[in-house]
Protein chains: 2
Amino acid sequence: MQKEHSLSKNQKIIFDLIDKSGGPMKAYSILFNVQKKGIKAPLQVYRALDKLVEIGKIHKIESRNAFIACQNSSCQVSKATAFSICESCENVSEISNSKLLKYLSSFSDNSGMKYSKYNLEFFGLCKKCKSK
Amino acid sequence: MQKEHSLSKNQKIIFDLIDKSGGPMKAYSILFNVQKKGIKAPLQVYRALDKLVEIGKIHKIESRNAFIACQNSSCQVSKATAFSICESCENVSEISNSKLLKYLSSFSDNSGMKYSKYNLEFFGLCKKCKSK
DNA sequence: TAACGTTATGTAATAATATAACATTTATAA
DNA sequence: TTATAAATGTTATATTATTACATAACGTTA
């Protein structure tokens, strides 16, 4: 059993919002949604996001500047992330294919670099959008 | 033999700058550097960048909001990109490991999605920074 | 070459994303 | 309980990117 991080007040408010949304959310959309709970400034949002990313509760979708709740229950820290992104409806899901994740985690080349982290984003059309 | 894109004036100025720099460059740093050549506005830079990305002459490093010249001579369009990024010195190189690139290009899962593009970013410490 | 559509350019304004700096409060642990 | 770290609050500002509109250059083909 892994240690649970206890979230602070702001962290919890913001994580719950992202988690309930079921998809990626942008920082200023989060801000707008939590203003009624007393979080008024961008920095309050970004600080909570930074922490949530650090502990692996959420991931940043770099190509979209958006944040999504971790969909992989065993993922405590975000060192190996992969997403599929529909370029039409912008739906995002986390890829949990263990063969892929292991392949990438063990990847090394002759550059002399030691990789400690990676992020992979696949783009295409989801099932729904393909059939339109 | 593949068709060469002939670059417009602004596209050429901006591509040459990025290419000569040998590393990733940020949009506003590009802007600053090309002002003496008559490119005065952010939009002029972003338009050229968009086009250069589209035709595969440069790639965007999403996690850094920066642009780097394509280091893979056979890369005409950016549909399959992989980079290694040093988190200490911010050096970036394009990974050309064909086994990796093929593995990812042929990746599919049971989501019903058809992937037409991907971007992979590895993070770690480069040889130099490791030994410090 | 004239007319047309497409691509590129120029310019101003503004939107969207993110961080710096500083003061204060709350939680944790020695 | 006192010291330390973590989190919060607030204002201002930096950085990244796009909208909207007008004009010019280029390529095709009639």
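Order of the sequence lines fixes the chain letters, A, B, ..., with proteins taken first and strands second; residue numbering starts at 1 for each chain.
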Side-chain contact test, heavy atoms from C-beta onward, threshold under 4.5 Å: evaluate it for Thr81(B) versus Asn72(B) and give yes or no. no

Whole-Å distance, Arg64(A) CZ to dA16(C) P, equals 17 Å

Span of DNA chain D, from the first to the last nucleotide whose atoms fall under 4.0 Å of chain B heavy atoms: dT16(D) to dA20(D)

Is there a donor and acceptor pair, one atom on the side chain of Tyr28(A) and one on the base of dA15(C), closer than 3.5 Å? no

Length of the line joining Leu43(A):CG and dC22(C):P, which is rounded to integer Å: 14 Å

Do Glu87(B) and Lys117(A) meet the salt-bridge criterion of a basic N to acidic O distance under 4.0 Å? yes

Could you list by number each residue of residues 8-19 of chain B showing a heavy-atom separation from DNA chain C of less than 4.0 Å, or answer none if no residue does? Ser8(B), Lys9(B), Asn10(B), Gln11(B)

In whole angstrom, what separates Arg47(A)'s CZ from dA20(C)'s P? 12 Å

Is there side-chain contact between Cys70(B) and Glu94(B), with at least one heavy-atom pair below 4.5 Å? yes

Contact check, side chains of Leu100(A) and Leu104(B), non-hydrogen atoms, under 4.5 Å: yes

Check: Ile18(B) and Leu49(B) side chains under 4.5 Å, non-hydrogen atoms: yes

Could you tell me whether the side chain of Glu121(B) and the main chain of Ile61(B) form a donor-acceptor pair under 3.5 Å? no

Which whole-number value in Å describes the distance from Lys51(A) NZ to dT19(C) C1'? 18 Å

Hey, what's the ring geometry for Phe122(B) with Tyr118(A), parallel, tilted or perpendicular (30° and 60° as the breaks)? perpendicular

Using whole Å, report how far CD of Glu62(A) lies from P of dT17(C). 14 Å

Are a donor atom and an acceptor atom from the side chains of Asp109(A) and Ser111(A) found within less than 3.5 Å of each other? yes

Students should find that the end-to-end axis angle of the helix from dT1(C)-dA30(D) to dA30(C)-dT1(D), with five pairs defining each axis and rounding to 10 degrees, is 40°

Backbone N or O of Lys102(A) within a donor-acceptor pair of the Ser105(A) side chain at under 3.5 Å? no

Are side-chain heavy atoms of Asn97(A) and Phe107(B) found at a separation under 4.5 Å? yes

Judged by each residue's nearest nucleotide on DNA chain C, which is more toward the 5′ side, Ala27(A) or Lys40(B)? Lys40(B)

For Ala48(A) and Pro42(A), find the nucleotide of DNA chain D closest to each by heavy atoms; which residue's nucleotide sits nearer the 5' end? Ala48(A)

Check whether any side-chain N or O of Lys26(A) sits under 4.0 Å from OP1 or OP2 of dA16(C), and answer yes or no. no

What is the distance from CG of Asn65(A) to P of dT19(C), rounded to the nearest Å? 10 Å

What is the distance, to the nearest angstrom, from the CD atom on Gln44(B) to the C1' atom on dA12(C)? 12 Å

Over 12 foreign heavy atoms within 6.0 Å of NZ, Lys130(A): yes

